[in-house]
Amino acid sequence: MPAAEIRELVDVLGAALVSDEAFERNLRTVLRELGGKDARIIARVLEPVSPSSATMVLPDELVHLRAVFYDDRQLDYLTHQQLRAVFGPDWRSRKGAPIAYTTEGESWRTIRLVPVPDRPSELPLIPLWSPLGADYPLGAIMVLAAELTDLPPAMLEWLDMWTALSVLALALAEDSPRRDVEMATVFDEAARALYPLIAPGRL
Amino acid sequence: MKIGTLVDEVLRRTRDPQGLGTPRESVRLLVDHAARLVNMMAAARVVEREFVLEPLRTLYDLDEVVHTLGTPVARLMAIRVDGVDLVRGDWRDTARLDRLWLRRHGPMPHTWAPVGGNLFMVYPAPPAVQMMAVLTLVVLPPLSTSDDADVDMPEELRGRILDLAEAFVFMRRRQPTDVRRALERATVPVPEMSS
């Protein structure tokens, strides 16, 4: 989905009324929305886990956490209150193989494993041939998360037109001399009507 | 169907047969994209390829399938192992029933599921390398600028392509009522041709 092709569609559909600056800004917003629709999910093994540390911060490019794994197990998300009920008031200091995770502080990006891992992960120093298969690292944390990409991935080429319609919906609704609320609504309606037809089961 | 004929028809429908309000090359681009969208809606261009499952691995990326096809893939339609279609499921249901699903292995996979737009799960993983067939919906390549270029789509989808292209031309001309009328016709769900 090269940005130049989307730009060309925006110019043809919008009769060249969207400035470069408005195009770039609104394209970023639309890509973030695609992240929310799980357009691109990545499976990533995070940095090594040490026995003493139970928290880790997720990288900025991950926009929605879908699953957390430790060893073979998908961890359950539990609130602090649920963790107190399950593990008792000392849940933060319990040690063992993690079976749950929770978030720390105000950000969902900081996750805490419960119990605290009691052994270091076995991440090799060399790249793995099959990190999701035979080489799956023991004692490591893996996440499934929607990814926000700076450059549109080539595999989303079929979303060119949807992306152009969405950019036009945002750009024409902005407070500017080119504002056209009625056409912004039309572009938005078209994008909303088309997405479930071209990407069934993804919402 | 030739793209030039489709362009003529869209210009006629939008009451601009000479292409004075919308240049012909712009209409051609919009028809080209309308055809790509209708291909997505109807799952018209589906190709089958062999794909190798790795031992003990349940998660794969569509990029790995794209690599073997050499053409952009929109989505996975079906997976066959030894001539038998795997059941299409929801990975979240599998995860609810089996918290060890990521590394679960068994003699023969029985379920597959998309995970977001690009990953897919094959469950349980085989214990050793296994061949399977994947049916993928491929993206139509961009057409050349010649009016003689063929739109590689079944004839029965011609009306749907024209409806969508008509809506796009009316968008450019800022005629919301006409856009909505054409879009209403174009977005009636169409049965997937590959099913």
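Here is how names work: the chains are called A, B, and so on, in the same order as the sequence lines, proteins then strands, and each is numbered from 1.
The neighbour count for A/Arg32 CZ, taken as heavy atoms of other residues, nucleotides or ligands under 6.0 Å away, does not exceed 12. Counting heavy-atom neighbours within 6.0 Å of B/Glu155 CD, excluding the residue itself, gives a total above 12. Crowding of A/His64 atom NE2: a count of heavy atoms from other residues, nucleotides or ligands under 6.0 Å exceeding 12. Within 6.0 Å of CZ in A/Arg192 there are 12 or fewer heavy atoms belonging to other residues, nucleotides or ligands. When the shell of 6.0 Å around CD of A/Glu174 is examined, it contains more than 12 heavy atoms from other residues, nucleotides or ligands.
For B/Val179, the part lying near chain A is the side chain, with the backbone staying farther off; criterion is any non-hydrogen pair under 4.5 Å. Only the side chain of B/Leu183 comes within less than 4.5 Å of a heavy atom of chain A; its backbone N, CA, C and O stay farther away. At a 4.5 Å heavy-atom cutoff, the contact between B/Leu164 and chain A is made by side-chain atoms alone. Neither the backbone nor the side chain of A/Ile99 has a heavy atom closer than 4.5 Å to any heavy atom of chain B. Contact annotation for B/Ala95: both backbone and side-chain heavy atoms come within less than 4.5 Å of a heavy atom of chain A. Contacts of B/Leu29 with chain A are made by side-chain atoms alone, with heavy-atom separations under 4.5 Å and no backbone atom involved.
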Please evaluate residues B/Val115 and A/Arg66 with respect to the criterion side chain to side chain contact (heavy atoms under 4.5 Å, CB included), reporting the C-alpha separation (whole Å), side-chain torsions for both, the decisive distance (0.1 Å), and the verdict.
CA-CA 10 Å; B/Val115 180; A/Arg66 295 305 183 214; over 6 Å; no

How far apart are the C-alpha atoms of A/Leu132 and B/Leu56, what are their side-chain angles, what is the distance that settles it, and do they pass the side chain to side chain contact (heavy atoms under 4.5 Å, CB included) test?
CA-CA 8 Å; A/Leu132 294 173; B/Leu56 310 178; over 6 Å; no

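Between the CD atom in B/Gln175 and the CE atom in A/Met183 there is a gap of 9.0 Å [rounded to 0.5 Å]. Going from atom CE of B/Met40 over to atom CH2 of A/Trp162 covers 15.0 Å, rounded to the nearest 0.5 Å. To the nearest 0.5 Å, the span separating CG on B/Asn39 from CH2 on A/Trp158 amounts to 11.5 Å. Remark: A/Tyr136 OH to B/Leu102 CG distance equals 5.0 Å, nearest 0.5 Å.
When every heavy atom of A/Ala193 is checked against every heavy atom of B/Thr187, the shortest pair comes out as CB-CG2, 4.1 Å. For B/Arg75 against A/Ile198, the heavy-atom pair with the smallest separation is NH1-O, 3.0 Å. Of all the heavy atoms in A/Ile41 and B/Gly116, the pair that sits closest is CG1-CA, 3.6 Å. Looking at every heavy atom in both residues, A/Gly14 comes nearest to B/Arg174 through O-NH2, 4.0 Å. The shortest heavy-atom contact between B/Leu59 and A/Ala43 is CD1-CB, 4.3 Å.
With respect to chain A, the highest number of heavy-atom pairs below 4.5 Å among B/Arg103, B/Arg57, B/Arg99 belongs to B/Arg99. The greatest number of non-hydrogen atom pairs below 4.5 Å with chain B, out of A/Asp11, A/Leu144, A/Thr185, is found for A/Leu144. Most heavy-atom pairs under 4.5 Å with chain A: of the set B/Thr22, B/Leu119, B/Thr58, B/Val38, this distinction falls to B/Leu119. Most heavy-atom pairs under 4.5 Å with chain A: of the set B/Ala125, B/Ala34, B/Pro176, this distinction falls to B/Pro176.
Among B/Met171, B/Arg172, B/His33, the single residue meeting the side-chain contact (heavy atoms from CB on, under 4.5 Å) criterion with A/Leu13 is B/Met171.
Near-neighbour residues of residues 72-97 of chain A relative to chain B, defined by a heavy atom under 4.5 Å from a heavy atom of that chain, comprise A/Asp72, A/Arg73, A/Gln74, A/Leu75, A/Asp76.
Formation of a donor-acceptor pair under 3.5 Å by the B/Arg180 side chain with backbone atoms of A/Glu189 is not found in this model.
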